[in-house]
Trainee: 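There's a structure below that I have some questions on.
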Amino acid sequence: MTIRVQSEAFDMGAETNAFSAAVAPAGAVVTFSGLVRDEGGTLTKMVVEHYPGMTERALATIRADAMARWSLVDAMIIHRYGPMVPGDQIMMVATAARHRADAFAAAEFLMDYLKSRAPFWKKEFGAHGERWVASKDEDEASLGRWALTNPPSSG
Amino acid sequence: MTIRVQSEAFDMGAETNAFSAAVAPAGAVVTFSGLVRDEGGTLTKMVVEHYPGMTERALATIRADAMARWSLVDAMIIHRYGPMVPGDQIMMVATAARHRADAFAAAEFLMDYLKSRAPFWKKEFGAHGERWVASKDEDEASLGRWALTNPPSSG
Amino acid sequence: MINVLYFAWLRERIGSSSEQIETQANTVADLVEELKTRSPAHALAFSDMASVRVAVDQDLTEMTASLQGVREVAFFPPMTGG
Amino acid sequence: MINVLYFAWLRERIGSSSEQIETQANTVADLVEELKTRSPAHALAFSDMASVRVAVDQDLTEMTASLQGVREVAFFPPMTGG
């Protein structure tokens, strides 16, 4: 399945192998995985909240946009919600293309949109109490780079 | 080990999991893997030749350049040589950073340099005989983009 | 009848994840003004609208969006996935 | 005495992966001129120098590089790793 939203942990390596095995014409596979950082030992737990229903819709739209924009063989997104501890995989994306430039650009695009356009919210718990992670201005700014540039076709 | 040049197949997923497990401060892991394409069934075999000794030196230099240029927790390169068949993993790189922009940029940098500056040569065998893969002008051109731009620090 | 949902710190400040609202509001902005009168907690949650995002029937939209035929409105802070 | 290595189609055209060469050549370019006289296969392999790259003691360099103190020179086509 190309979009999964789940509370259970997933095996990033096994998912990547399964994805790669199913994309025969592709010469290039790029993955990104987001891990819960330990923040120097001050972070003990992270909880990801999401908006069931809208989450799946938003991720499917982001994936479809990437598939339309670059020459991809496939793209997948897995995102967890619920409680996690440092070192846990929060999410991953994988893209497969004939050429590496497409696979890289599409993976970055998926991440940029997923950060700012998919309904997830992170709360951190640690030595200094709990706090909702603030969105970063630079994440919003990152979206701007996809507006006017043409998708790469070489690589 | 951060640089491996080997004839044996490797388990990309297991390598990625092991790499991710060892980079605790990192929030972002990017991988690239190159697969032997089937070229619509016309390619039956690929043989990668390399220059033992120089290969390891060149890869170590490219990795050190990436580590110096971006804020990375770690970076690894595995590259196979010898005979392979369509669907086989030829090579992989993985980068880990606190911020995703660094991990993405460093992975692309590793790939660009590895394509044109590490002593590997691919020969394809198939329905139409055998041929040495030609280097692509665009691979050489890709190197140019790293000359003058500053490394990203956000993300 | 509109189902109003709250997420993250909006949910915490309001103390509820959803409420059924009988409203004549034409736009999201009108609905927000109505919600602010429901309790001091609502007023606090909506005191800084620069930090509030809205989805109407599960699509991201603007505060000026119409509520014509809408069944679900969700309020939340800027998203922090990935 | 310099150990000269050939890779990929240079190796195939010359029919050998390495040869020990006694030479007085000062630069890689001088060495190439010497090598071209060894056999028609050598002359063919080095007929299009735009397609030949060189490493001296395992570092990529230019045809103008000095051979002073050098032990190993490798010739090969543009690299196609990754």
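Quick note on labels: first sequence line is chain A, next is B, and so on, each numbered from 1.
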Trainee: Does any heavy atom of chain D fall under 4.5 Å from the side chain of Leu114(B), the backbone, both, or neither of them?
Mentor: both
Trainee: Less than 4.5 Å to any heavy atom of chain D: does that hold for the side chain of Ala58(B), its backbone, both, or neither?
Mentor: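 The answer is neither part of Ala58(B).
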Trainee: How long is the span from the CE atom in Met54(B) to the CZ atom in Phe76(D), to the nearest 0.5 Å?
Mentor: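 It comes to 4.5 Å.
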Trainee: For a quick check, list the donor-acceptor atom pairs closer than 3.5 Å between chain B and chain D, or say none.
Mentor:
unit_1    : atom_1 : unit_2   : atom_2 : d
Glu49(B)  : OE1    : Arg11(D) : NE     : 3.4
Glu49(B)  : OE1    : Arg11(D) : NH2    : 2.5
Glu49(B)  : OE2    : Ala8(D)  : N      : 2.9
Glu49(B)  : OE2    : Arg11(D) : NE     : 3.0
Tyr51(B)  : OH     : Glu72(D) : OE2    : 2.5
Met54(B)  : N      : Gln58(D) : OE1    : 3.2
Arg57(B)  : NH2    : Asp59(D) : OD1    : 2.9
Arg57(B)  : NH2    : Asp59(D) : OD2    : 3.0
His79(B)  : NE2    : Gly82(D) : N      : 3.0
Phe120(B) : O      : Thr80(D) : N      : 2.8
Trp121(B) : NE1    : Pro77(D) : O      : 2.9
Lys122(B) : N      : Thr80(D) : OG1    : 3.0
Lys122(B) : NZ     : Thr80(D) : O      : 3.1
Lys122(B) : NZ     : Gly81(D) : O      : 3.4
Lys122(B) : NZ     : Gly82(D) : O      : 2.7
Lys123(B) : NZ     : Glu12(D) : OE1    : 3.4
Lys123(B) : NZ     : Glu12(D) : OE2    : 2.4
Trp132(B) : NE1    : Glu12(D) : OE1    : 2.8

